Novice: 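Take a look at this one; I'll ask things after.
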Amino acid sequence: MSFNNTNERSKLAKWLLPLLLVGSAVHAEITLKGAMATDHPGATISRHIYGQFSEHLGASIYDGIWVGPESDIPNVRGIRKDVVAALKDIKVPVVRWPGGCFADEYHWRDGIGPRDQRPVRKNNWWGGGLESNAFGTHEFFDFAQMIGSDAYISVNVASSTPTEMREWIEYLTSDDADTIANQRRANGREEPFKVDFIGIGNESWGCGGTMTPEYYANELRRFSAFFHKNGFGFHDNNDNNALRVASGANNLDTQWTKVVMTNAAMAMDAISLHFYTLFEGDWPKRNEAKATGFSLDQWHEILFQANRMEEVLQAHIEVMDQQDPEKRIGLYVDEWGTWYDVEEGTEPGFLYQQNTLRDALVAATTLNIFHRHTDRVRMANIAQTVNVLQAMLLTDGEKMAKTPTYYVFKMYVPFQDANFIPVDIKVPMIKHKGKRYPAVSVTAATGKDGRIHVGIANLSLDQNYTLELDLGNVLTVTEGTILTHAALDAHNIPGEQEQIMPHVFDAASVVGEHLKASVPSKSVVVLTLQ
Ligand code: AHR
């Protein structure tokens with residue numbers, strides 16, 4: 001039997017799910033007691049940890065964001081209206097572009113000027129298809145502005161030069177009458193673009209040049225010398241206000257962070273980290289890493305791996321604290337998310353995967369972990385925005401679906417730039433085949449609106465928990481939202497009725513100074529208190 005498209009897989013998943021749920025009868029509710037230090041708020045949770053990553057990969061840019069001005073799909077200047085509207089609703093704070101591995105082969109001049117005269121290149125990293133360059137610098141900044149997001153560009157280090165980087169920055173930011181700025185004007189943009197972050201290389205240990213950390217640190221110093229960052233010593237007579245992001249480590253490779261920090265700290269404002277939620281921390285193996293229709297072992301493995309973000313962050317932060325105790329340098333997790341087998345019948349190089357309730361739990365757990373490290377982790381970019389890996393949105397022609405991960409990002413909007421509130425709570429561990437991970441994850445913060453927001457992820461398959469949190473204050477629950485479903489792999493398909501979306505949650509109240517919330521198994525809950 002073969003299942004060639006998402007619909008067939010979805011039907012199969014529905015047939016399999018009763019099997020998945022066998023033996024998962026819900027047990028009597030357990031109470032977990034703790035306290036929230038509402039009077040002692042911590043650091044600001046940077047809104048940038050809610051960032052996105054959009055690469056020239058599969059249907060991420062083309063079809064997912066860009067359809068072109070001539071398309072029948074409703075668009076503004078070639079950019080999909082439905083995608084823009086959906087992304088505005090989750091208040092995307094920053095988008096990273098154009099890659100990824102693609103960035104270290106990208107030449108920015110290919111993507112400016114009249115679109116019909118732009119060169120067509122091979123996308124060698126992702127499926128070998130043709131890259132029309134229709135979506136280039138002007139289109140990206142148009143998109144970022146449409147969704148109200150800051151811009152984070154990655155420059156080509158591995159197959160380019162500091163001159164090419166310098167000229168792109170000048171094209172983007174110069175307000176003078178220099179030839180490059182005039183070229184931008186001739187291409188329709190009078191005022192400079194606002195560039196907030198610039199990544200100097202991507203995965204320089206891998207697709208970005210297979211460099212050693214020592215070699216990359218030298219490259220970073222060399223490129224940084226021509227970055228001409230405003231306010232940077234004698235280079236301060238220019239218009240470039242972007243922060244420099246060094247290409248960082250993968251997973252637990254703290255040696256990379258240590259060497260690059262030791263040899264080139266002066267050449268960066270942040271260093272990145274990539275951590276994907278993969279089976280056994282390894283590359284997906286066909287039929288073992290299913291996005292839907294997965295086994296219970298696969299359910300547990302992914303939630304276990306997602307929780308490893310905590311130890312991975314701690315390891316890199318420890319190294320950074322030794323080199324930079326003042327915490328001048330940010331840690332940007334500029335690629336994270338689940339990585340499964342691609343959907344049956346799709347191009348393996350396009351990394352198109354479905355997204356389920358399990359991904360929503362991964363997202364909430366990960367965001368809660370980021371909150372706990374907010375003094376160092378100041379940006380994160382989930383991979384990727386549309387149609388690739390743990391996407392927010394999936395498109396199919398003119399149809400679009402919002403994924404469960406999208407809904408977590410929507411529920412968590414109040415945490416953007418909120419003040420972290422420490423939560424002291426002891427939670428039970430889920431044990432499966434020799435591995436352990438916390439059953440419940442809780443986060444809290446005082447929002448910019450002055451209200452208190454609490455995010456809870458219950459990762460248990462079958463155990464409801466009642467949380468009793470001492471608030472030290474008399475408050476009222478004013479809002480509650482829940483994302484859950486009976487099916488472990490509940491997901492949404494473009495053009496079909498939505499299966500999983502948030503609902504009002506009313507099983508929480510404050511008695512005296514105690515918040516009491518009955519949180520069902522496999523759910524994400526967000527509460528607002530006032
Ligand atoms: O997000 C897909 C790819 O994963 C990126 O291009 C690369 O940086 C990482 O290996």
Side-chain angles (χ1 to χ4, degrees), residues 51-62 64-65 94-106 121-129 131 135 140 152-160 197-211 216 245-253 256-257 260 270-279 281-284 289 291 305-306 309 312 331-343 346-353 355 359 362-363 366 379-394 403 405:
Q52 297 288 326
F53 169 40
S54 297
E55 180 169 12
H56 287 240
L57 193 177
S60 163
I61 300 289
Y62 301 107
I65 292 171
V94 60
V95 192
R96 176 173 181 252
W97 173 87
C101 297
F102 180 83
D104 271 293
E105 230 176 87
Y106 183 64
R121 310 276 185 209
K122 295 265 303 170
N123 188 331
N124 293 305
W125 284 110
W126 305 116
E131 164 60 56
F135 191 87
F140 169 68
Y152 175 6
I153 60 162
S154 288
V155 299
N156 179 345
V157 166
S159 66
S160 176
F197 308 94
I198 299 182
I200 303 178
N202 168 75
E203 295 195 351
S204 304
W205 42 265
C207 63
T210 55
M211 300 176 195
Y216 173 70
V245 187
S247 171
N250 188 42
N251 209 318
L252 274 173
D253 181 7
W256 180 276
T257 305
V260 177
I271 187 164
S272 73
L273 169 69
H274 289 182
F275 177 74
Y276 282 100
T277 304
L278 299 160
F279 282 82
D282 208 345
W283 225 243
Q305 291 293 343
M309 180 67 90
V312 172
L331 180 60
Y332 292 179
V333 189
D334 62 12
E335 289 186 29
W336 70 274
T338 52
W339 192 319
Y340 308 122
D341 288 346
V342 298
E343 290 297 306
T346 64
E347 159 64 45
F350 287 3
L351 309 186
Y352 178 80
Q353 65 188 38
N355 190 299
D359 295 84
V362 168
T366 307
M379 189 193 290
N381 308 74
I382 191 167
Q384 299 192 7
T385 317
V386 195
N387 290 333
V388 170
L389 299 176
Q390 192 173 349
M392 303 292 112
L393 304 168
L394 300 175
T403 66
T405 300

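As the structure is a prediction and not an experimental result, all values here were calculated from the model. Just so you know, ligand 1 is whichever comes first in the structure, and atom 1 is the first atom listed for that ligand.
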Novice: Within the 4.0 Å heavy-atom shell around Glu55, which atoms of ligand 1 are there?
Specialist: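 Counting from 1, the qualifying ligand atoms are 1 (O), 2 (C), 5 (C), 6 (O).
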Novice: Within ligand 1, which atoms have a heavy atom of Glu203 less than 4.0 Å away?
Specialist: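 Matching atoms, with element in brackets: 7 (C), 8 (O), 9 (C), 10 (O).
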Novice: So, Ser204 side chain and Gly201 main chain: donor-acceptor pair closer than 3.5 Å or not?
Specialist: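 Looks like no, no N/O pair under 3.5 Å.
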Novice: For Phe53, counting its heavy atoms only, list the atoms of ligand 1 lying under 4.0 Å from any of them.
Specialist: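 With Phe53 as reference, the close atoms of ligand 1 come out as 1 (O).
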Novice: Counting heavy atoms only, which part of Trp336 comes closer than 4.0 Å to ligand 1: side chain, backbone, both or neither?
Specialist: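 It is neither; nothing of Trp336 touches ligand 1.
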Novice: Which of these passes side chain to side chain donor-acceptor pair (under 3.5 Å) with Arg96: Asn381, Asn202, Thr385?
Specialist: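 When Asn381, Asn202, Thr385 are each tested with Arg96, the side chain to side chain donor-acceptor pair (under 3.5 Å) holds only for Asn202.
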Novice: Out of all atoms in ligand 1, which are within 4.0 Å of some heavy atom of Gln384? Include the element for each.
Specialist: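 Here the atoms of ligand 1 in question are 1 (O), 2 (C).
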Novice: For Trp125, state whether at least one heavy atom is located under 4.0 Å from any atom of ligand 1.
Specialist: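 In this structure, Trp125 fails to qualify as a contact of ligand 1 - no heavy atom is under 4.0 Å.
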Novice: So, 4.0 Å and heavy atoms of Phe102: is ligand 1 close enough to count as a contact?
Specialist: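 So Phe102 does not count as touching ligand 1.
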Novice: Phe275: which residues meet the ring-ring contact (aromatic ring centres under 6.0 Å, His included) condition with it, sequence neighbours left out?
Specialist: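 Listed in chain order: nothing, the list is empty.
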Novice: Considering non-hydrogen atoms only, spot the tightest contact between Tyr216 and Ile200 and give its length.
Specialist: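 Taking Tyr216 first and Ile200 second, the nearest heavy atoms are OH-O, 2.6 Å.
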Novice: Please identify which atoms of ligand 1 are closer than 4.0 Å to at least one heavy atom of Gly100.
Specialist: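 Counting from 1, the qualifying ligand atoms are 5 (C), 6 (O), 8 (O).
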Novice: Polar-atom distance check: Glu335 versus ligand 1, any N or O pair below 3.5 Å?
Specialist: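 Looking only at distances, the answer is yes, because the N/O contact criterion of under 3.5 Å is met.
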Novice: Check Phe135 against Phe140 and note the closest heavy-atom contact, atom names and distance.
Specialist: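 Result for this residue pair: CZ-CA, 3.6 Å.
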Novice: Can you list the atoms of ligand 1 that are under 4.0 Å from a heavy atom of Asn202?
Specialist: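 Listed by number with element: 8 (O).
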Novice: Does a salt bridge link Arg121 with Glu105, judged by any charged N lying under 4.0 Å from a carboxylate O?
Specialist: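 So Arg121 does not pair with Glu105 through a salt bridge.
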Novice: With side chain to side chain donor-acceptor pair (under 3.5 Å) as the test, pick out the partner of Thr338 among Asp359, Thr277, Thr405.
Specialist: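 Checked Asp359, Thr277, Thr405 against Thr338; only one passes side chain to side chain donor-acceptor pair (under 3.5 Å): Asp359.
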Novice: Testing Tyr106, Trp97, Trp125 for side chain to side chain donor-acceptor pair (under 3.5 Å) with His56, which one passes?
Specialist: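 Only match with His56 under side chain to side chain donor-acceptor pair (under 3.5 Å): Trp97.
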Novice: How does Val388 reach ligand 1, by side chain, by backbone, by both or by neither, if only non-hydrogen atoms under 4.0 Å count?
Specialist: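 No part of Val388 is near ligand 1 at this cut-off.
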